[in-house]
Amino acid sequence: MREIIVAENTGFCFGVARAVRLALEQAEARGKCYSLGPLVHNRAVVDELEKRGVIRVDGISEVPDGGAVVIRAHGAAPEVYAGIAGRGLALVDATCPDVKKIHKLAAAAAAEGRQVIIFGDRRHPEVSGTAGWCGKPLIISGLDELERLFGSGAVLPDTPVTAVSQTTAERGKYELCINFLKKQCTNIKIFDTICNATVLRQREAAGLAEKCDVMLVVGDPQSANTQKLYKLAKAVRPMTYLVENAGQAAGLRIPVNIRVGLIAGASAPTEAIKEVSRIMSDEIIKSEPMEKDAELEKTDAVYDIPDAPPDVPDAPPETPPPEAEENFEQMLEHAFKTLTTGDKVSGVITAITPTEIHVDLGTKHAGYISVTEMSDDPDYKPEEHIKIGDSIEVFVMRVNDVEGTAQLSKKRVDAVRNWADIEAARAERNIVQGIVTEENKGGLVVSVRGIRVFVPASQTGVPKGGSLSDLLRQKVDLYISEVNSARRRVVGNIRAAQYDDRRRRAEAVWDEIAEGKRYKGAVKSLTSYGAFVDIGGVDGMVHVSELSWQRVKSPADMLKVGDEIEVFVISFDKEKRKISLGHKDPNQNPWNRFIESYSAGDVVSVKVVKLAAFGAFCEIIPGVDGLIHISQLSEQRVNKPGDVLEEGQTADVKILEINHEHKKVSLSIRALSAYETSESDGELPPMADNADTPQPVTDELPLAEPEPAVEPEPELPADEPPSPPVEDSDTL
């Protein structure tokens with residue numbers, strides 16, 4: 001038995017349906033109206049429209065004075081609008097909103113002095129209409145034409161280019177051209193203006209052809225959209241036929257025991273494909289079953305399938321079911337379902353852009369959801385949560401019958417569903433998450449699953465006098481402290497949630513803490529002796545000496561509040577709730593690098609970093625200092641180190657001794673002079689007056705700067721308990 005599979009995306013697209021509706025409304029109001037060119041690329045529909053007062057004309061001159069002119073969904077050039085206005089004719093602009101958008105893009109590009117490239121059929125009325133809005137565009141139909149343009153020098157690589165396409169263009173061919181332009185042009189703006197309904201139909205035509213043995217494409221051969229569907233299906237399934245109506249379908253000899261796929265172009269009414277489907281089913285009764293493979297082989301040998309089948313006289317079914325018949329009025333009524341602001345409706349996602357989502361509602365309106373109406377989350381990315389083809393339930397915010405569009409919202413539907421969850425969160429004292437959407441006189445408004453929750457200023461967790469605006473567009477955790485269903489009022493508490501969260505995290509830290517354990521923490525405050533770091537609900541202190549292997553005068557020189565740093569536990573006291581942390585990496589200890597490269601007796605170049613009464617501290621390598629005792633500064637008596645050296649000066653010295661236990665280094669300039677003399681004549685110079693005997697390095701000799709006294713660590717303030725829940729005193 002023959003299996004009939006009908007494509008999901010069939011019938012009038014919203015642009016065609018809107019144009020037909022506007023024309024019929026005008027014809028009913030005036031008795032007649034005049035369409036510039038065929039309103040629909042379907043002869044049967046055009047004939048029926050003419051019977052109802054929508055008269056086709058080829059130019060404005062054919063319209064009688066006082067008449068109403070309908071600009072079809074394909075749109076028109078500016079001079080057409082000027083001509084209508086010049087004659088004082090009534091204008092009914094039925095241009096598809098998607099086409100209108102292309103006109104605006106093209107006009108804006110031309111105004112900026114950019115070269116507009118239109119991808120499409122230059123003979124198509126939509127393309128010629130778009131061309132009228134942008135001066136002198138370049139119209140191309142494929143990659144070969146584009147390559148010739150650049151090869152001839154008509155377009156230079158540095159030419160500012162804006163690329164748009166015909167709404168019914170083939171996406172594959174357009175993408176080839178776009179990829180070429182991206183490689184050739186240095187200043188290009190690309191707009192994906194292919195109608196999403198067209199993309200869905202073309203994709204479904206190819207997919208359905210793969211699953212079926214025979215494909216029937218229903219529509220007028222003059223329709224560009226229908227022709228593309230036919231070519232795409234035929235490329236996959238050679239046994240593909242283009243038929244205008246049920247009569248032509250009845251004249252085809254299609255075997256039984258096979259699968260037949262049906263799809264229709266955007267200008268074919270839904271009823272047309274229903275009639276073809278019914279004819280295919282009725283033809284089963286007239287055909288004799290035979291083996292599928294043999295029949296297909298025979299059919300392939302008999303038929304040379306034409307690109308456009310010849311007209312076949314209409315042959316209605318012998319006994320059509322009475323209940324299946326619909327007249328043209330009923331067919332249009334089916335296509336023109338209306339929307340009302342406040343409706344909750346379902347649709348199918350047809351396109352996803354960074355700013356909005358397109359939804360097919362099955363009505364005369366094109367549905368759009370702004371990304372801000374999908375979620376309050378500022379980081380929300382539609383492509384991570386939804387995909388084309390998904391069903392979605394939405395709330396109708398605004399209907400524009402003139403534009404044929406409807407503004408939709410998903411988060412408003414979600415808010416109704418989530419009200420019960422909010423009440424449960426209050427009863428069970430569960431933490432919920434939301435986005436801070438606004439600041440008012442009394443506090444903040446947080447959107448929790450689409451529901452407005454007011455948080456009084458005293459419960460925001462922001463210190464008194466602090467800026468509430470810093471929390472705008474931020475994700476926050478909060479408790480629901482009050483729900484008044486009758487007044488649709490919800491009150492929340494961020495501060496209490498922060499307190500409980502910090503307490504839980506602090507207990508987890510104390511349960512698992514161990515010496516040497518590493519944490520990533522945030523700098524909470526800075527003092528002259530160190531930095532306090534939050535390691536997860538608990539603050540620990542990093543002493544200034546533990547910040548870096550190099551000399552640090554003040555913690556503020558290398559850190560600021562809010563910085564995230566990696567620390568490790570040096571020691572801790574659970575009873576006193578104190579933690580000592582380190583930041584400098586033990587593996588990067590410069591002392592280890594020093595002893596690997598230097599030894600006593602080496603001559604090195606050092607930098608004087610500090611002068612003291614007993615000598616000069618010098619940096620040998622970053623992180624390792626040595627001391628030149630005052631007796632080792634010169635062969636002559638030196639009253640103070642500043643008489644010989646100054647901070648920042650570079651000097652050559654000799655390493656006298658390396659104290660590995662205390663990690664101290666003794667240096668000498670005087671020994672270097674003696675070393676140079678002995679090298680030259682083998683004799684040592686006389687000793688200095690203040691050094692009758694060589695000065696030994698002893699424990700009493702200060703070889704490094706004394707460590708500063710460590711100030712006692714201040715007691716950390718205990719976490720402040722949360723305030724009691726707000727009753728109803730704060731102003732919303």
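Quick note: residue numbers are just sequence positions, from 1.
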Q: Answer with yes or no after comparing the ring centroid distance for Y380 and H385 against a 6.0 Å cut-off, counting only values under it.
A: yes

Q: With salt bridge (charged side-chain N to carboxylate O under 4.0 Å, His left out) as the test, would you mind laying out the steps for R518 and E566 before giving the verdict?
A: CA-CA 7 Å; R518 292 185 171 274; E566 187 171 339; 3.6 Å; yes

**Q.** Within 45° cone of Y479 ring axis and under 6.0 Å: R426 NZ or CZ
**A.** no

Q.
Strictly below 4.0 Å, N to O, side chains only: are E647 and K610 in salt-bridge contact?
A. no

Q: Could you tell me whether a side-chain N or O of S599 sits under 3.5 Å from a main-chain N or O of I595, the two making a donor and an acceptor?
A: no

**Q.** Donor-acceptor contact present, side-chain T159 to main-chain L156, <3.5 Å
**A.** yes

Q) In terms of side-chain geometry, is the basic nitrogen of E373 or K410 positioned less than 4.0 Å from the acidic oxygen of its partner? A) no

(Q) Donor-acceptor pair, distance only, cut-off 3.5 Å: does the side chain of T186 make one with the backbone of P157? (A) yes

Q | Whether R114 side chain and V161 backbone form a donor-acceptor pair below 3.5 Å | A | yes

Q.
To the closest 0.5 Å, what do you measure between CZ (F617) and CG (L667)?
A. 10.5 Å

**Q.** From D652 atom CG to S605 atom OG, the distance as rounded to the nearest 0.5 Å
**A.** 5.0 Å

Q | Residues E439 and R473 bridged, charged N to O under 4.0 Å | A | no

Q. Charged N to carboxylate O under 4.0 angstrom, R452 versus E438?
A. yes

Q: Evaluate whether atom NZ of K387 has more than 12 neighbouring non-hydrogen atoms of other residues, nucleotides or ligands under 6.0 angstrom away.
A: no

Q. Roughly how far, to the nearest 0.5 Å, is the CD1 atom of I188 from the CD atom of Q115?
A. 11.5 Å

Q.
Tell me if the centroids of the rings in H543 and Y529 come within less than 6.0 Å of each other.
A. no

(Q) Atom NZ of residue position K640 - does it have more than 12 heavy atoms of other residues, nucleotides or ligands inside 6.0 Å? (A) no

Q) K584 side chain to S545 main-chain N or O, any donor-acceptor pair under 3.5 Å? A) yes

Q | Distance (rounded to the nearest 0.5 Å) between I392 CD1 and M374 CE | A | 4.0 Å

**Q.** N/O donor-acceptor pair under 3.5 Å between T437 side chain and V445 backbone
**A.** yes

Q) Is it true that D421 and R449 make a salt bridge, defined as a side-chain N closer than 4.0 Å to a carboxylate O? A) yes

(Q) Under the criterion side chain to side chain contact (heavy atoms under 4.5 Å, CB included), I'd like the reasoning laid out for V453 against L478: C-alpha separation, chi angles, the key distance, then a yes or no. (A) CA-CA 10 Å; V453 178; L478 66 157; 3.9 Å; yes

(Q) When you measure from the side chain of D602 to the backbone of Y598, do you find a donor-acceptor pair of N or O atoms at a distance under 3.5 Å? (A) no

(Q) Under the salt bridge (charged side-chain N to carboxylate O under 4.0 Å, His left out) test against D539, which residue among R577, R505, R502 passes? (A) R502

(Q) Between the side chains of R429 and D500, is the shortest nitrogen-to-carboxylate-oxygen separation below 4.0 Å, so that they form an ion pair? (A) yes

Q: Establish, from distance only, whether the side-chain atoms of E661 and N659 form a donor-acceptor pair under 3.5 Å.
A: no

Q. Any ion pair linking K189 and E112 (charged N to carboxylate O, less than 4.0 Å)?
A. yes

Q | Closest approach of L633 to V644 (non-hydrogen atoms, all atoms of both residues) | A | O-CG1, 4.3 Å

